[in-house]
Amino acid sequence: MRFVIDALGPQGRQRFVYDNVTSSLTQGDGRPVAMPFEIPAPAPWQSVSAISRDTPGLKGGPFRRIKIQLGLQCNYACSYCNQASQRPAQEGAGRVDAFLATLATWLSVERHRAPTFEFWGGEPLVYWKLLQPLAEALRQRHPDAGLFLITNGALLDTAKVDWLDRMGFAVGISHDGPGQAARGPDPLEVPATRAAILDLYRRFKPQGRVSFNAMLHRGNASRAQVQAFFVALTGDADVPIGEGHWIDAYDDAGVRACLRSPAEHAMFRRQAFAEARAGCASNFGALRGKVEAFMASIAHRRPASSLGQKCGMDRADHLAVDLHGNVLTCQNVAAGTAAPNGQPHRLGTTAAIERVALASGTHWSRRPECPRCPVLHICRGSCMFLEGPLWQTSCDAAYSDAVVVFALAFELLTGTVPLRIDALEGEPLPDTRRDLFGSDARVGAGAVVRRVIPIHSMSPVRSSA
Ligand code: SF4
Ligand code: SF4
């Protein structure tokens with residue numbers, strides 16, 4: 001679908017046309033936009049299968065990413081947790097020896113490409129007695145495999161840091177920086193835990209094996225403040241910050257943590273764009289990666305048919321399992337629950353992996369909204385199993401987040417800042433999606449006035465995003 005973009009640059013207003021199916025970006029008169037610098041070509045695109053309840057996805061090896069769900073117990077209770085609604089339905093954790101006994105019968109991996117094993121909770125360190133023997137057995141069987149976990153850090157101590165280091169783990173430490181109150185207690189306020197977290201950081205950083213993972217929500221909407229927090233904590237100007245995107249809404253608490261009014265959305269977009277443009281969000285690897293990926297999609301004409309879901313769990317070679325051998329929609333769900341579309345989150349079992357059917361999610365191409373969305377290549381359809389008002393709230397948040405990436409990449413490619421975007425064919429976009437930074441305000445009898453947004457007075461964006 002094609003969109004017309006009004007943008008502002010040193011030469012004044014300019015018009016462009018963007019096609020989200022072919023990733024072409026042209027001037028208003030049809031001339032292609034010349035790329036201002038060389039953008040390396042990514043690996044060749046491949047078409048993906050568009051899963052849905054009526055066209056279930058398959059799972060099959062060789063597997064590249066295996067997410068092992070140890071259980072959903074957690075020692076924290078984050079207000080916006082995406083697992084909260086699942087927790088009451090979880091089964092007991094299962095047995096490591098039984099899991100390992102059948103592993104070789106279903107786990108095929110590439111000979112020259114080691115897989116990554118991820119260990120998920122809840123809080124994975126709550127399951128220390130399962131985690132330790134399981135990871136050690138997997139390390140023995142797959143010496144080159146990546147091992148990864150995300151922890152809130154509250155249970156870290158010197159012995160656990162030593163073990164994680166010895167095992168070659170990469171670790172994400174969930175912490176919202178200045179917005180940590182939304183997660184509950186702060187492990188950094190406990191001296192021994194703070195020391196263990198900083199010890200881990202110092203030991204893992206040189207090999208690129210650690211990040212602080214922060215989420216954006218109403219109580220934590222400034223990437224610049226998050227970055228300043230972790231730079232001050234670690235004394236490291238280059239501290240890596242993971243995740244860093246807006247939360248999805250999985251329940252009422254999640255909805256309350258999302259942006260509410262058009263004015264809040266506009267304010268967030270302006271602030272996030274300004275912060276990134278001024279280089280105050282440069283430690284957010286995912287933000288940088290999305291800007292680069294979007295520029296590459298335009299430079300090399302990425303077809304929309306090659307876009308899977310944002311989390312990758314629609315892929316056949318990405319697998320989420322629990323220790324009972326249940327294959328799950330993803331690591332955030334319990335086997336006994338159903339997705340909002342009525343399909344079970346338990347997709348089958350590892351014992352019959354050829355019969356696993358992913359019907360609990362909906363690929364973006366099978367939703368009415370996403371194919372008509374200008375930020376499709378950046379967002380990739382939000383969470384694949386959400387539906388109804390929760391999906392809509394998550395979609396709205398994802399749009400505002402992705403608009404910032406769109407504008408950053410667009411400015412790097414064209415030297416202009418996009419202010420308005422609209423569909424060239426079919427239904428116009430809603431006002432709040434057309435007007436990217438809230439530069440239009442309705443007054444009196446519906447008349448529109450244009451506000452001047454002082455985004456051009458800010459310092460230039462760093463080339464890294
Ligand atoms: S912002 Fe919403 S409509 Fe656009 S791709 Fe994401 S989920 Fe789909
Ligand atoms: S399906 Fe993907 S986006 Fe949705 S909860 Fe699972 S991992 Fe997250």
Side-chain angles (χ1 to χ4, degrees), residues 1 3 18 20-21 50-52 57 59 65-69 72 80-87 118 120-122 150 213 215 243 245-251 254 258-259 265 268-269 286 290 294 297 304 307-315 318-322 327-335 337-341 343 345-347 358-406 421 423 427 429-430 432-434 436:
M1 176 158 173
F3 301 87
Y18 169 65
N20 73 351
V21 176
I51 58 133
S52 72
K59 295 287 175 183
R65 190 163 291 274
I66 302 102
K67 303 185 176 193
I68 303 176
Q69 170 55 252
L72 296 175
Y80 55 80
C81 180
N82 57 3
Q83 298 177 340
S85 61
Q86 301 288 315
R87 204 159 280 134
E118 299 182 5
W120 286 87
I150 296 178
N213 293 1
M215 301 302 297
E243 300 278 7
H245 49 78
W246 202 273
I247 61 162
D248 289 328
Y250 289 87
D251 54 20
C258 282
L259 297 163
H265 277 275
F268 167 73
R269 295 175 195 174
K290 283 180 185 177
F294 188 56
S297 77
L307 291 175
Q309 290 300 119
K310 67 169 181 174
C311 63
M313 290 310 294
D314 56 333
R315 293 176 57 130
H318 283 34
L319 192 72
V321 291
D322 65 17
V327 177
L328 307 168
T329 304
C330 73
Q331 71 282 358
N332 291 321
V333 299
T337 60
N341 71 357
Q343 296 300 301
H345 276 312
R346 180 179 182 268
L347 314 181
L358 168 55
S360 50
T362 305
H363 185 254
W364 62 262
S365 63
R366 299 195 181 269
R367 296 193 191 262
E369 298 90 346
C370 302
R372 301 179 35 77
C373 178
V375 299
L376 166 68
H377 279 255
I378 300 161
C379 168
R380 302 179 175 204
S382 189
C383 175
M384 67 179 175
F385 69 70
L386 284 176
E387 302 271 346
L390 293 177
W391 185 82
Q392 194 56 57
T393 299
S394 303
C395 164
D396 288 343
Y399 187 85
S400 286
D401 217 4
V403 153
V404 174
V405 175
F406 187 96
I421 190 162
E427 290 278 303
L429 293 177
T432 52
R433 299 208 170 194
R434 238 183 351 230
L436 299 185

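Start at 1 and go down the list; that is how both ligands and their atoms are numbered.
A side-chain donor-acceptor contact under 3.5 Å links Asn20 to the backbone of Cys373. Between the side chain of Asp401 and the backbone N or O of Trp246, at least one donor-acceptor pair lies under 3.5 Å. Not one N or O on the side chain of Lys310 forms a donor-acceptor pair closer than 3.5 Å with the backbone of Gly381. A donor-acceptor distance shorter than 3.5 angstrom exists from the side chain of Lys59 to the backbone of Arg315, with no hydrogens or angles considered.
The nearest protein atom to atom 7 (S) of ligand 1, hydrogens excluded, is given as Trp391 CZ2, 3.4 Å; this is a heavy-atom distance. Scanning the protein heavy atoms around atom 3 (S) of ligand 1, the nearest turns out to be Cys395 SG, 3.6 Å. If you check which protein heavy atom lies closest to atom 5 (S) of ligand 2, you get Tyr250 OH, 3.1 Å. Among protein heavy atoms, atom 6 (Fe) of ligand 1 sits closest to Cys379 SG, 2.3 Å. In terms of protein heavy-atom proximity, atom 8 (Fe) of ligand 1 is nearest to Cys370 SG, 2.4 Å.
Selection from Cys311, Ala339, Cys383 by nearest heavy atom to atom 2 (Fe) of ligand 2 gives Cys311.
For Trp364, no heavy-atom contact with ligand 1 is shorter than 4.0 Å. With a 4.0 Å heavy-atom cut-off, ligand 2 is reached by the side chain of Gln331 but not by its N, CA, C or O.
Judged purely by distance below 3.5 Å, without hydrogens or angles, the side chains of Ser382 and Ser394 never pair a donor atom with an acceptor atom.
Residue Asn82 places no heavy atom under 4.0 Å from ligand 2. In this structure, Ala402 does not count as a contact residue of ligand 1, since none of its heavy atoms falls inside 4.0 Å of the ligand.
The nearest pair of heavy atoms linking Gln69 to Gln83 is NE2-NE2, 4.3 Å.
Atom 4 (Fe) of ligand 1 has an N, O or S atom of Cys373 inside 2.8 Å of it.
The shortest side-chain heavy-atom distance between Ile51 and Met384 falls under the 4.5 Å cut-off. For the pair His363 and Asp314, the minimum side-chain heavy-atom distance is below 4.5 Å.
Near Cys330, the atoms of ligand 2 lying under 4.0 angstrom from a non-hydrogen atom of the residue are 1 (S), 5 (S), 6 (Fe), 7 (S). Near Ser382, with a cut-off below 4.0 Å to any heavy atom, the atoms of ligand 1 are 7 (S).
Aromatic ring orientation, His345 versus Phe385: perpendicular (interplanar angle above 60°, classes split at 30° and 60°).
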